[in-house]
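Here the structure is laid out as structure tokens; the discussion comes afterwards.
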Amino acid sequence: MSEPRVRVLVVHMAPLEQLGGAELSLQHHVRHAPAEVAVEVIQPHQKADLTRFDAVVLGNLRPPGGVGENRECEFAEQWLWRLGQYDGFVHHIEYDAHPCGHRDARCVECPLIRKRACDCSPRIPEAFERLFNRCDAVQFVSPGQQQVINAIIRVTCEQVVIATPIDLTPFQNRIPWHERRKEALIVGDAIRVADTAETLATAHGYRPVRFPYLSIPYAKMPDLLNEYQAVVVDPVMYHSNPRIVVEAMACGCKVLTGPRVGTMSWDDPIKAVLEANERFWSFLLSRISVIGCGI
């Protein structure tokens, strides 16, 4: 077997085996990398010789909330320093709203995408703004998310919008509509389910049914979705590109969303996720070749 021509380092807060949207997306990119690409994955606290890599892809560097500003800025500041002398391509994928002090973009009105005054300390937004602008490119996972993050911080590097990749093969419309429960499935924790979620379901004639966030094994989601006529996605946070929207659409569910769902800013959400992996690697490899040519 020939040696890979391109080496990519992925840096992400959680192990990719962990169940979560960002982890599933990065897993997909790693497993479906082009043949000429070798990918290594580390967590932000781990060391790596960056000179071995043609590109560094930064995923989430902010730990789960509630650990205090010092901890929540720690890896953003650390990787800003570690990338100081690195001359390869640096690409950041923003999956959430990490530049927001509260990490939920509560200060941005939707659907107007208008920034309000808020009580955030400037430290977290400033730390992530510096990190973003050290990168050669920042990727957003929906057009709406791009607008929201640009309302919070000033991003001066190249920006690209590529959806999160999803293998929709298991997500098929298998159960006829009239055989399903006339109920609306609501999945999420407190930040992913607004108080208006149940009202949204009942307003469309569905009885709301809740499942705790991450309580269903991912492999069982297609069967679960096929049991219901509708799914409600109405988060408190700005949810950049929740996978369940596209997965539910593919399973034939009626999807009811609030104004803070980035998936709905795509003209064709299903097309966007199906093209995502190819678009990601095409973009990355095109930029690596430019860096490699010294242009």
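All heavy atoms count here, side chains included; hydrogens, waters and symmetry mates do not. Note that this is a predicted model, so its numbers are computed, not measured.
- Proximity of Val108 to Arg116: side-chain heavy atoms (C-beta onward) are nowhere separated by under 4.5 Å.
- For Gln159 and Asn150, the side-chain atoms include at least one donor-acceptor pair closer than 3.5 Å.
- Partners of Ser282 under the side-chain contact (heavy atoms from CB on, under 4.5 Å) rule, at least two apart in sequence or in another chain, are Glu278.
- Applying the side-chain hydrogen bond (donor to acceptor under 3.5 Å, both in side chains) test to Glu183 and every residue at least two apart in sequence or in another chain returns Arg207.
- Under 3.5 Å, the side chains of Asn133 and Arg154 contain no donor-acceptor pair of N or O atoms.
- Under the side-chain contact (heavy atoms from CB on, under 4.5 Å) criterion, Ala55 pairs with Val8, Phe89, Ile288, sequence neighbours left out.
- The closest side-chain heavy-atom distance from Cys107 to Ile152 is below 4.5 Å.
- When only modelled atom types and interatomic distance are considered, Arg180 and Tyr228 share no side-chain donor-acceptor pair under 3.5 Å.
- Side-chain contact of Gln139 with His92: a donor-acceptor pair under 3.5 Å is absent, judged by distance alone.
- With hydrogens and angles left out, the side-chain atoms of His102 and Asp119 include a donor and acceptor closer than 3.5 Å.
- Under 3.5 Å, the side chains of His28 and Asp167 contain no donor-acceptor pair of N or O atoms.
- In this model, a donor atom of one side chain and an acceptor atom of the other lie less than 3.5 Å apart for Arg243 and Tyr218.
- Of the possible polar contacts, one joining the Ser240 side chain to the Tyr95 backbone as a donor-acceptor pair under 3.5 Å is found.
- Note on ring orientation: taking the six-membered ring where Trp is involved, the planes of Trp177 and Tyr206 are perpendicular (angle over 60°, cut-offs 30° and 60°).
- Counting only distance, with no hydrogens or angles, the side chain of Tyr86 and the backbone of Phe53 share a donor-acceptor pair below 3.5 Å.
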